[in-house]
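The structure appears below as structure tokens.
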Amino acid sequence: MPKSIAIAADHAGFDLKAKLVDELRSTGYDVSDLGTDDASTSVDYPDFGKAVAEAVTSGKADCGVVVCGTGIGISIAANRHPGVRAALCHDETSARLCREHNDANVLALGARLIGEVVAKDCLHTFLNTEFAGDRHARRVTKLG
Ligand code: RB5
């Protein structure tokens with residue numbers, strides 16, 4: 001199970017990110033908050049997807065969480081980095097299956113589309129579900 005988590009968001013995801021950072025720290029995770037630092041300054045989601053991607057691929061973090069308005073832009077951004085498997089999740093089932101089947105190492109959330117409770121459910125399920133391996137390992141290897 002992951003111990004260190006890198007997390008980042010754009011301005012649209014800032015409020016949800018702050019709640020998730022509190023949740024993670026109070027649960028005992030080592031959290032690297034890579035910004036952004038307020039909701040009122042407009043920033044560009046690719047910069048924050050990149051920051052989390054680099055933390056994960058360098059090994060500084062075991063896994064990552066990225067948040068933007070829809071989760072779409074920042075998941076696309078993170079997935080442009082080789083070795084990153086970012087999964088955009090809107091429910092607990094997708095959060096579980098992205099770990100079991102895809103060995104996702106970055107969870108992407110859309111702050112304008114899901115509420116805090118669902119986001120926290122996704123987060124905990126993502127962090128507490130193991131990769132199933134077996135036939136899924138062959139497929140994940142083909143992702144490069
Ligand atoms: C920012 O307005 C918004 O475009 C961004 O947070 C995200 O939803 C993009 O995919």
Side-chain angles (χ1 to χ4, degrees), residues 1-132 136-137 139-144:
M1 293 299 169
K3 289 188 168 52
S4 59
I5 299 163
I7 186 167
D10 71 355
H11 53 286
F14 171 79
D15 289 341
L16 179 59
K17 172 175 71 70
K19 291 175 178 133
L20 298 181
V21 167
D22 288 348
E23 177 80 3
L24 288 166
R25 290 195 170 132
S26 66
T27 313
Y29 289 99
D30 172 13
V31 181
S32 299
D33 183 352
L34 304 178
T36 191
D37 299 321
D38 68 83
S40 52
T41 308
S42 183
V43 294
D44 299 333
Y45 58 80
D47 298 332
F48 296 91
K50 179 181 181 186
V52 167
E54 289 180 348
V56 171
T57 56
S58 69
K60 287 182 188 157
D62 296 330
C63 67
V65 179
V66 292
V67 190
C68 70
T70 59
I72 297 170
I74 204 160
S75 63
I76 293 171
N79 275 321
R80 296 187 68 82
H81 298 265
V84 169
R85 293 177 299 281
L88 173 57
C89 297
H90 297 111
D91 55 73
E92 235 181 310
T93 304
S94 48
R96 175 173 59 80
L97 289 172
C98 79
R99 287 289 310 130
E100 288 181 352
H101 289 198
N102 313 113
D103 198 17
N105 52 11
V106 173
L107 171 67
L109 297 169
R112 291 174 175 162
L113 303 183
I114 62 169
E116 178 184 345
V117 173
V118 172
K120 286 180 178 173
D121 285 347
C122 289
L123 180 67
H124 288 296
T125 298
F126 179 84
L127 294 173
N128 290 300
T129 304
E130 297 277 11
F131 179 45
H136 304 295
R139 295 161 186 163
V140 169
T141 301
K142 287 186 177 184
L143 291 172

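Because only heavy atoms are used, hydrogens play no part in the values below, and waters and symmetry mates are left out as well, while side chains stay in. In each ligand, atom 1 is the first atom listed, and ligand 1 is the first ligand listed.
- Looking only at side-chain heavy atoms (C-beta outward), Cys122 and Leu109 come within less than 4.5 Å of each other.
- Within the structure, salt bridge (charged side-chain N to carboxylate O under 4.0 Å, His left out) pairs that include any residue of residues 38-47 do not occur (at least two apart or interchain).
- Contacts of ligand 1 (protein heavy-atom distance under 4.0 Å) are Asp10, His11, Ala12, Tyr45, Cys68, Gly69, Thr70, Gly73, Arg112.
- With respect to Glu92 and Arg96, no salt bridge is recorded, no charged nitrogen being found less than 4.0 Å from a carboxylate O.
- Within 6.0 Å of CZ on Arg139 lie more than 12 heavy atoms contributed by other residues, nucleotides or ligands.
- For Leu113, the side-chain contact (heavy atoms from CB on, under 4.5 Å) criterion is met by Thr70, His90, not counting sequence neighbours.
- Listed by chain and residue number, Cys89, Asp91 satisfy the side-chain contact (heavy atoms from CB on, under 4.5 Å) test with Ser94 (two or more places apart in sequence, or in another chain).
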